[in-house]
Amino acid sequence: MRSGKRGLAALIAGTLCVAVAAVSQASAAGGGVLKVRLGGDRAETRIVIDLDRSAAGKVIADGADDHRLIINLPGVNVDSALQGGGQGLVGAWMIDRTATGARLKVDLTGDAVIKRRFLLPPADGAATYRYVIDLASGAAAGASAPTLRADGVTFISQPMPMRAPPLALKKIVVIDAGHGGKDPGALGATGYEKDVTLAAALALKARLERSGRYRVVMTRDSDVYVPLETRVPIARRAGADLFISLHADSGPNTANRGASVYTLADRAVSRSAKLVSKDDWFMKASLQGDRGVSGILFDLTQRATKNRSASFAEMLLDRISDSDIKLLRRSHREAGLAVLLAPDVPAVLLEMGFVNNPDDESFLRDPGGRGKMMNAVADSIDAYFAQETRLAAR
């Protein structure tokens with residue numbers, strides 16, 4: 001019986017080592033991404049990513065909604081963010097880091113579809129792996145198009161010149177205005193929580209967009225009902241770098257006041273796994289379907305995301321405190337809230353104050369007070385991404 005237990009322990013340890021080795025390979029010195037090449041015209045455009053290792057991609061956004069293509073490359077490392085100008089159907093592109101590897105983001109010049117994706121191993125004089133993405137214009141997608149060469153980026157049509165300068169590297173921030181529509185939230189003396197959260201979300205969106213450094217996605221921008229279970233998928237489909245949910249607290253004692261921040265509790269980890277298992281995104285994208293190793297990689301990914309969330313939460317509380325905005329005594333809390341469940345998107349829920357406290361409600365309903373709070377939030381977002389950039393550059 002003891003030998004059986006030792007064998008099981010050895011098997012688990014061995015599996016863990018394989019998983020850790022896979023993650024370590026992705027973060028080792030020397031990026032997996034070597035360079036990015038473009039070719040083609042506005043009818044068809046090819047993107048070629050030269051890699052020093054094999055990779056399997058996962059399409060997160062296909063460009064149909066907002067002309068933004070996003071593809072994750074799990075297990076592929078990029079030492080620091082890369083970006084470049086466009087050609088043909090590509091307006092600009094960038095590759096940055098995620099908790100699981102690298103992520104390609106492409107701004108499209110118009111309607112386009114992914115015609116094919118494939119990986120070419122080193123061969124025929126090429127020393128690298130090549131991850132190839134062929135794009136076709138929406139108008140030409142249904143028509144017969146010239147055949148593209150599989151060994152490079154040469155097309156029948158004459159290539160267009162590179163665009164300069166490239167678009168600025170923008171982080172994607174998803175702002176979630178709590179409640180809405182038939183779900184009013186808590187009741188204050190002069191109105192409902194849903195109105196306070198929407199006004200704050202719109203103020204934060206305006207502040208972030210003025211900086212020119214962010215692309216902001218809203219889960220709602222009007223008084224509509226958005227089910228809880230769809231808010232996290234909105235962030236994941238957008239390829240979010242950060243998710244922040246805005247709420248206003250309420251309690252039986254109307255004397256309670258002050259802001260607080262929630263991050264994901266350890267006890268809610270299993271709920272996060274169930275959330276993503278619906279489309280099996282992680283299992284399909286890692287280690288040839290080995291579910292034991294994939295499960296461990298999922299845990300490692302979630303742990304990294306949880307650490308990032310906690311880091312942002314502390315920065316957020318620091319900036320709010322520096323702005324002389326009152327905090328609860330225990331201001332950083334953990335919970336299993338639905339909006340915190342994404343395993344690959346750092347997320348926090350900010351309780352901006354108590355909507356049923358007269359002072360907090362007055363502060364949050366006043367444009368000046370609300371602006372002061374959202375400026376502190378925006379400052380913390382700036383600080384968070386500045387830190388991420390420094391870490392990526394090391």
Side-chain angles (χ1 to χ4, degrees), residues 27 81 96-100 171-178 197 200-201 203-205 207-208 211 213-214 216 231-232 235 240-249 256-269 272 299-354 360 363-364 369-394:
S27 60
D96 60 0
R97 296 195 311 165
T98 69
T100 58
K171 294 295 185 180
I172 299 174
V173 178
V174 175
I175 304 173
D176 173 45
T197 62
L204 178 58
K205 178 178 186 289
R207 166 69 162 75
L208 292 176
S211 74
R213 292 194 291 268
Y214 306 103
V216 178
R231 298 187 187 223
V232 167
D241 297 292
L242 184 65
F243 178 95
I244 178 166
S245 185
L246 300 177
H247 286 256
D249 217 335
N256 287 339
R257 62 174 306 206
S260 60
V261 176
Y262 286 86
T263 53
L264 186 66
D266 289 336
R267 64 178 182 276
V269 166
S272 179
D299 292 340
L300 294 173
T301 299
Q302 187 172 58
R303 188 183 309 161
T305 300
K306 196 170 181 295
N307 289 340
R308 286 185 168 96
S309 299
S311 175
F312 174 65
E314 291 302 319
M315 291 181 182
L316 179 55
L317 291 170
D318 285 345
R319 297 316 187 277
I320 291 175
S321 177
D322 289 345
S323 300
D324 295 324
I325 298 171
K326 186 173 179 59
L327 295 174
L328 281 178
R329 180 175 299 177
R330 189 167 68 88
S331 53
H332 186 177
R333 305 181 174 201
E334 294 189 341
L337 302 169
V339 292
L340 303 176
L341 292 177
D344 51 344
V345 181
V348 301
L349 184 147
L350 171 63
E351 295 280 8
M352 299 178 289
F354 283 76
D360 275 0
F363 177 80
L364 293 174
R370 187 167 57 241
K372 184 178 182 180
M373 170 75 78
M374 292 304 103
N375 281 336
V377 175
D379 289 344
S380 68
I381 292 173
D382 290 340
Y384 171 76
F385 285 119
Q387 174 182 272
E388 289 285 295
T389 301
R390 287 195 298 272
L391 291 174
R394 288 178 182 174

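Reckoned from all heavy atoms, side chains included, excluding hydrogens, waters and symmetry mates. The structure displayed is predicted, hence computed values, not measured ones.
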Gap between atom [atom2] of [Y] and atom [atom1] of [X] - 0.5 Å precision:
X      : Y      : atom1 : atom2 : result
Asn256 : Asp249 : CG    : CG    : 8.5 Å
Leu340 : Tyr262 : CG    : OH    : 10.5 Å
Lys205 : Tyr214 : NZ    : OH    : 15.0 Å
Leu328 : Glu351 : CG    : CD    : 9.0 Å
Ser309 : Leu349 : OG    : CG    : 11.5 Å
Leu350 : Leu204 : CG    : CG    : 9.5 Å

Just so I know, are the side chains of [X] and [Y] near enough to count as touching, which here means a heavy-atom distance under 4.5 Å?
X      : Y      : result
Lys171 : Asp96  : yes
Met373 : Phe363 : yes
Val174 : Arg231 : no
Met374 : Leu246 : yes

Partner residues of [X] under the side-chain hydrogen bond (donor to acceptor under 3.5 Å, both in side chains) criterion, sequence neighbours left out:
X      : result
Ser245 : Asp176, His247
Asn375 : Arg207
Thr98  : Thr100

Would Met352 and Val377 count as a side-chain contact (heavy atoms from CB on, under 4.5 Å) here? Give the steps. CA-CA 10 Å; Met352 299 178 289; Val377 175; over 6 Å; no
Should Asp241 and Val173 be marked as a side-chain contact (heavy atoms from CB on, under 4.5 Å) after you check the CA-CA gap, both sets of side-chain angles, and the distance that decides it? CA-CA 6 Å; Asp241 297 292; Val173 178; 6.0 Å; no
Salt bridge or not for Asp324 and Lys372, using N-O below 4.0 Å?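 Answer for the salt bridge query: no.
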Tell me the side chain to side chain donor-acceptor pair (under 3.5 Å) pairs involving residues 311-322, sequence neighbours left out?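 Every side chain to side chain donor-acceptor pair (under 3.5 Å) pair that includes a residue of residues 311-322, provided the two are not neighbours, is Ser311-Gln387, Glu314-His332.
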Run Glu334 and Thr263 through side-chain contact (heavy atoms from CB on, under 4.5 Å) and show every step you take. CA-CA 5 Å; Glu334 294 189 341; Thr263 53; 3.9 Å; yes
Give the minimum heavy-atom separation between [X] and [Y], together with the two atoms involved.
X      : Y      : result
Leu364 : Ala248 : CD1-CB, 4.4 Å
Val232 : Ala338 : CG2-O, 3.3 Å
Ala259 : Ser331 : O-CB, 4.1 Å
Arg330 : Arg333 : O-NE, 2.9 Å

Please work out whether the ring planes of Tyr384 and Phe312 are parallel, tilted or perpendicular, with thresholds of 30° and 60°.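 The arrangement is perpendicular - the two ring planes meet at more than 60°.
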As a quick check of understanding, evaluate side-chain contact (heavy atoms from CB on, under 4.5 Å) for Val345 and Thr305, giving each step before the final call. CA-CA 6 Å; Val345 181; Thr305 300; 5.5 Å; no
Under the rule for ring pair (Phe, Tyr, Trp, His ring centres under 6.0 Å), what residues qualify as partners of Phe243, not counting sequence neighbours?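 Residues passing ring pair (Phe, Tyr, Trp, His ring centres under 6.0 Å) with Phe243: none at all.
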What pairs with Asp360 under side-chain contact (heavy atoms from CB on, under 4.5 Å), at least two apart in sequence or on another chain?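 Arg257, Phe354, Asn357.
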